[in-house]
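Structure, as structure tokens:
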Amino acid sequence: LASNGLVSGSNGNVSVRIDQQGSPPLIAITPMGIPYSDLKDRDIVVCDYELDVVEGELVPSSESLLHVGIYSRREDVRAVVHTHPLHSSVMAVTGEEIPVLLDEMAVSLGGPVKVSNYAFPATQELADNVFEALGDRAAAIIRNHGAIGVGGDLRQALNACILTERVAYVFYTASLLG
């Protein structure tokens, strides 16, 4: 994430859904406040959908509700990556949807990248608004906040974030050129 310019410090978060036969699913999620450069495998927190910690000693990400909100509504999603990259953040501030500019957006993201309505961070309202913007696509912009990518695994979710940042840059640059 950091090497692709998608996060800095401890902002953003990553999770995977852990299905358990005969039991409700769990999520493994990055903890709150640990810079990615310092993050170790042992720091990942495993919790249930009520955010009760099952494994780990740290506090789950402050945006855990956002992750749970997506997993509980999208059976196809097995990984969620939330980022704060530069150009996607520009789109988050402007509130402007990124239309399908490149063919790969239609194929890899499922259409335009929509912007959620604003809600205060770490709230159920934010989770609901982001899910509404995400729909059945692989990425969305979080109003005045950042971006989110989802997929069947971590690589797909990360690729959705990388592509979203790329098309945000293309859209921004093309807008400057008229």
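All values below come from the heavy atoms of this structure, side chains included, with hydrogens, waters and symmetry mates left out. This is a predicted model, so every value here is computed, not measured.
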Paired with L6, the side chain to side chain contact (heavy atoms under 4.5 Å, CB included) test is passed by just one of V81, L86, L158, namely L158
Hits for side chain to side chain contact (heavy atoms under 4.5 Å, CB included) against V16, two or more places apart or cross-chain, chain-then-number order -> A28, A79, L154
Residue pairs passing the salt bridge (Lys or Arg N to Asp or Glu O under 4.0 Å) test with at least one member in residues 149-167, sequence neighbours excluded, are E104-R166
OG (S61) and CG (N11) are apart, to the nearest 0.5 Å, by 10.5 Å
Minimal heavy-atom distance between L51 and S64, with the atoms involved, is CD2-CB, 3.4 Å
d(D19 CG, Q21 CD) to nearest 0.5 Å is 10.0 Å
Within 6.0 Å of CD in Q20, more than 12 heavy atoms from elsewhere: yes
Is there a path from I27 to I148 through hydrophobic residues (I, L, V, M, F, W, Y) whose side chains come within less than 4.5 Å of each other? yes
When rounded to the nearest 0.5 Å, the distance separating CD1 of I141 from CD of E97 is 10.5 Å
From the list L134, L126, V115, side chain to side chain contact (heavy atoms under 4.5 Å, CB included) with I142 holds only for L126
Quick note, salt bridge (Lys or Arg N to Asp or Glu O under 4.0 Å) partners involving residues 82-93, not counting sequence neighbours, are none
In short, A133 meets K114 closest at the heavy-atom pair O-CB, 3.6 Å
If you count heavy atoms of other groups shown closer than 6.0 angstrom to CG of D38, is the number above 12? yes
Practice item. Examine V46 and Y71 and state if one hydrophobic cluster contains both, with Ile, Leu, Val, Met, Phe, Trp and Tyr joined whenever side-chain heavy atoms are less than 4.5 Å apart. Key: no
Interatomic distance, CD1@I162 vs OG@S88, rounded to 0.5 Å, equals 11.0 Å
All heavy atoms of V7 vs all of T83, minimum pair found to be CG1-CA, 4.2 Å
Residues pairing under ring pair (Phe, Tyr, Trp, His ring centres under 6.0 Å) where one sits in residues 27-55, two or more places apart or in two chains, turn out to be none
When every non-hydrogen atom of S10 is compared with those of P35, the smallest separation belongs to CB-N, 3.7 Å
- Are V68 and V59 connected in the hydrophobic side-chain network, where two residues link if heavy atoms are under 4.5 Å apart? no
**Q.** Single-linkage hydrophobic cluster M91~L109, side-chain heavy atoms < 4.5 angstrom
**A.** yes
Heavy-atom nearest pair, R143 first then G95, reads NH1-CA, 3.3 Å
Taken to the nearest 0.5 Å, the spacing of N117 CG from N144 CG works out to 11.0 Å
Residues P112 and M105: closest non-hydrogen pair is CA-CE, 4.3 Å
Output for pair (L66 CG, N129 CG), nearest 0.5 Å, gives 10.5 Å
Hydrophobic clusters here meaning ILVMFWY residues chained together by side-chain heavy-atom distances under 4.5 Å, can you tell me if F171 and L102 are in one? yes
> Would V14 and I29 count as a side-chain contact (heavy atoms from CB on, under 4.5 Å) if you check the C-alpha gap in whole Å, the side-chain angles of each, and the deciding distance to 0.1 Å?
Replying inline: CA-CA 6 Å; V14 176; I29 191 162; over 6 Å; no
_Taking E75's backbone N and O only, do any of them form a donor-acceptor pair with R17's side chain (distance below 3.5 Å, no angle check)?_
yes
Contacts satisfying salt bridge (Lys or Arg N to Asp or Glu O under 4.0 Å) that involve residues 121-137 (not counting sequence neighbours) are R73-D128
Residue pairs passing the ring pair (Phe, Tyr, Trp, His ring centres under 6.0 Å) test with at least one member in residues 81-105, sequence neighbours excluded, are H82-H84, H82-H145, H84-H145, H87-Y169, H87-Y172
**OP:** Walk me through it: do V170 and I98 pass the test side-chain contact (heavy atoms from CB on, under 4.5 Å)?
**Re:** CA-CA 10 Å; V170 169; I98 305 171; over 6 Å; no
